[in-house]
Amino acid sequence: MILRANCKINIGLDVLRRRDDGFHDLSTVMVPVRELYDIVEVAPSESMTLEQRGIVVDCPVEKNLCVRAARMMQQRYGVGNVAITLDKRVPFGAGLGGGSSDATAVIVAMNEIFRLNLSEEELIARAAEIGSDTAFFVRNTPQLCTGRGEVMTPILLPLKGLWLAVVKSVGEGVSTAEAYGGVKPAEPNVPLEQRLQLPVNQWQGVVKNDFEEHIFRACPMVKELKARLLDAGAIFASMSGSGSAVFGLFTERPELNFDSYIFTHIERL
């Protein structure tokens with residue numbers, strides 16, 4: 001079974017408070033980026049294997065999220081081994097959820113291959129065992145995500161027809177631990193879902209990502225890329241998730257003249 005595991009962006013990200021379990025309560029809207037995806041192939045096999053192509057991920061096989069997802073499905077449902085082929089195209093360490101999307105693709109594929117007939121609720125629960133944003137990719141539609149990211153409510157945003165540009169400095173990444181290590185949790189005066197009711201061209205400076213302040217200090221290039229998107233005419237620009245990718249929303253297809261070491265993806269929403 002072959003699946004396209006697309007990534008996501010975060011529009012707004014409020015880190016509200018640290019929880020007793022060590023996680024943080026969040027409020028963020030995740031939006032799928034349909035045309036930026038990894039290709040995940042899953043097939044029954046005598047042994048658990050992972051073949052990787054494309055972007056090289058320096059990670060032991062058993063710690064790869066695809067393998068962790070497959071092992072979890074085995075433990076939960078007693079299913080057999082699978083051979084996984086991952087063609088990696090989405091940059092990692094970017095806040096785009098590429099690894100999480102890959103893991104969800106494995107869960108969805110194994111549900112089909114082994115005819116488990118899991119409900120959406122069950123798929124979300126299994127995906128949430130792997131990571132905080134993994135569950136989003138079960139629905140893969142714009143969602144207001146709360147809790148640690150796994151509690152989802154569908155949301156409508158006026159994005160249709162806008163152009164999306166995602167950029168990232170090649171070789172520069174931000175770990176989740178680094179992002180959370182420097183953040184200062186705080187509850188905003190106005191909830192994110194209310195601020196997003198403003199027109200998109202009024203979001204800048206109002207819809208924020210709480211990770212930006214300290215990530216920009218640690219990674220000046222990320223701050224520069226956001227500024228360059230705004231200079232290029234973006235009506236809204238932000239870092240996605242915990243970084244280091246940033247994105248801009250444009251009313252017309254942007255002409256971006258970035259250097260060769262800047263990964264760039266453009267699509268129409």
Side-chain angles (χ1 to χ4, degrees), residues 3-19 21-34 36-38 40 65-66 68-69 72-73 76 90 94-112 116-160 164 166 176 179-180 183 185 187-188 190-197 200 203 207-211 238-242 245 247 249 269:
L3 296 174
R4 290 184 175 185
N6 63 267
C7 64
K8 56 81 180 172
I9 54 171
N10 295 77
I11 299 183
L13 201 165
D14 298 336
V15 183
L16 305 177
R17 65 190 71 85
R18 184 176 176 86
R19 298 160 31 144
D21 61 7
F23 291 97
H24 289 76
D25 280 322
L26 309 173
S27 181
T28 185
V29 170
M30 297 188 195
V31 175
V33 181
R34 299 289 184 188
L36 180 54
Y37 54 83
D38 297 333
V40 181
L65 291 180
C66 289
R68 286 177 53 193
M72 179 270 295
M73 292 292 282
R76 283 280 184 176
V90 177
L96 297 172
S100 296
S101 183
D102 298 337
T104 300
V106 170
I107 292 170
V108 170
M110 291 181 71
N111 177 52
E112 293 293 326
L116 299 176
N117 298 315
L118 300 180
S119 66
E120 180 185 86
E121 183 179 357
E122 290 173 302
L123 289 171
I124 288 172
R126 298 293 78 77
E129 293 183 39
I130 304 299
S132 295
D133 59 359
T134 313
F136 163 78
F137 292 102
V138 174
R139 289 186 177 168
N140 209 23
T141 58
Q143 301 285 324
L144 174 66
C145 302
T146 55
R148 58 183 176 89
E150 85 288 10
V151 180
M152 297 181 289
T153 305
I155 188 171
L156 293 175
L157 295 177
L159 302 178
K160 187 173 178 59
L164 168 71
V166 179
T176 302
Y180 279 98
V183 75
E187 292 201 36
V190 180
L192 176 61
E193 57 267 36
Q194 291 185 26
R195 283 175 277 149
L196 286 171
Q197 292 177 14
V200 178
W203 286 357
V207 177
K208 300 180 180 180
N209 181 333
D210 282 347
F211 290 118
S238 175
M239 189 174 75
S240 182
S242 56
F247 68 90
L249 299 176
L269 297 174

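Only heavy atoms go into these numbers, but all of them, side chains included; no hydrogens, no water, no symmetry mates.
T28 places a side-chain N or O within 3.5 Å of a backbone atom of G12 that can act as its donor or acceptor partner. At distances below 3.5 Å, not a single donor-acceptor pair connects side-chain atoms of Q194 with backbone N or O atoms of P191. A side-chain donor-acceptor contact under 3.5 Å links N111 to the backbone of N117. A distance-only check finds a donor-acceptor pair linking the side chain of S240 to the backbone of N10 [under 3.5 Å]. Using modelled atom types, no side-chain atom of T104 and backbone atom of V138 make a donor-acceptor pair closer than 3.5 Å.
With a 4.5 Å cut-off on side-chain heavy atoms, M73 and L118 count as touching. Side-chain contact between L249 and L269 is present, with heavy atoms from C-beta onward closer than 4.5 Å. Considering only heavy atoms from C-beta on, P188 comes within 4.5 Å of L16 through its side chain. I124 places none of its side-chain heavy atoms less than 4.5 Å from the side chain of R126. When side chains are defined from C-beta on, V33 does not count as touching N6, because their heavy atoms never get closer than 4.5 Å. For the pair P32 and K8, the minimum side-chain heavy-atom distance is 4.5 Å or more. Using a 4.5 Å heavy-atom cutoff, the side chains of S100 and D133 are in contact. The shortest side-chain heavy-atom distance between L192 and D14 falls under the 4.5 Å cut-off.
Of all heavy-atom pairs between L159 and W203, the closest is CD2-CH2, 4.0 Å. When all heavy atoms of I107 and A69 are compared, the pair lying nearest together is CG1-CB, 3.9 Å. Heavy atoms only, all atoms of each residue included: L3 and A105 are closest at CD1-O, 3.3 Å. Closest non-hydrogen pair, A128 versus R148, comes out as O-NH2, 2.9 Å. Scanning all heavy atoms of the two residues, the minimum distance from G241 to L13 falls at CA-CD1, 3.7 Å. Nearest heavy-atom pair across L96 and F137 is O-CZ, 4.3 Å.
Under the 3.5 Å distance criterion, with hydrogens and angles disregarded, no donor-acceptor pair is assigned to the side chains of N209 and S238.
With rounding to the nearest 0.5 Å, the separation of CE in M110 from CE in M72 is 8.5 Å. Q143 contributes atom CD, which lies 9.5 Å from atom CE of M30 (distance to the nearest 0.5 angstrom). Taken to the nearest 0.5 Å, the CD atom of E150 stands 9.0 Å off from the SG atom of C145. To the nearest 0.5 Å, atom CG of residue D102 and atom OH of residue Y37 are 13.0 Å apart.
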Q) Between R139 and M152, does a side chain to side chain contact (heavy atoms under 4.5 Å, CB included) hold up when you go through it step by step? A) CA-CA 9 Å; R139 289 186 177 168; M152 297 181 289; 3.6 Å; yes
Q. Side chain to side chain contact (heavy atoms under 4.5 Å, CB included) between M239 and F211: does it pass, once the steps are laid out?
A. CA-CA 8 Å; M239 189 174 75; F211 290 118; 3.6 Å; yes
Q. So N140 and R34, side chain to side chain contact (heavy atoms under 4.5 Å, CB included) or not? Walk me through it.
A. CA-CA 9 Å; N140 209 23; R34 299 289 184 188; 2.9 Å; yes
Q) side chain to side chain contact (heavy atoms under 4.5 Å, CB included) between E129 and T134: does it pass, once the steps are laid out? A) CA-CA 8 Å; E129 293 183 39; T134 313; over 6 Å; no
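The only option from T153, V151, D25, L26 that meets the side-chain contact (heavy atoms from CB on, under 4.5 Å) definition with T146 turns out to be V151.
A 6.0 Å sphere centred on CD of E121 holds no more than 12 heavy atoms belonging to other residues, nucleotides or ligands. At most 12 non-hydrogen atoms from other residues, nucleotides or ligands lie less than 6.0 angstrom from CZ of R4.
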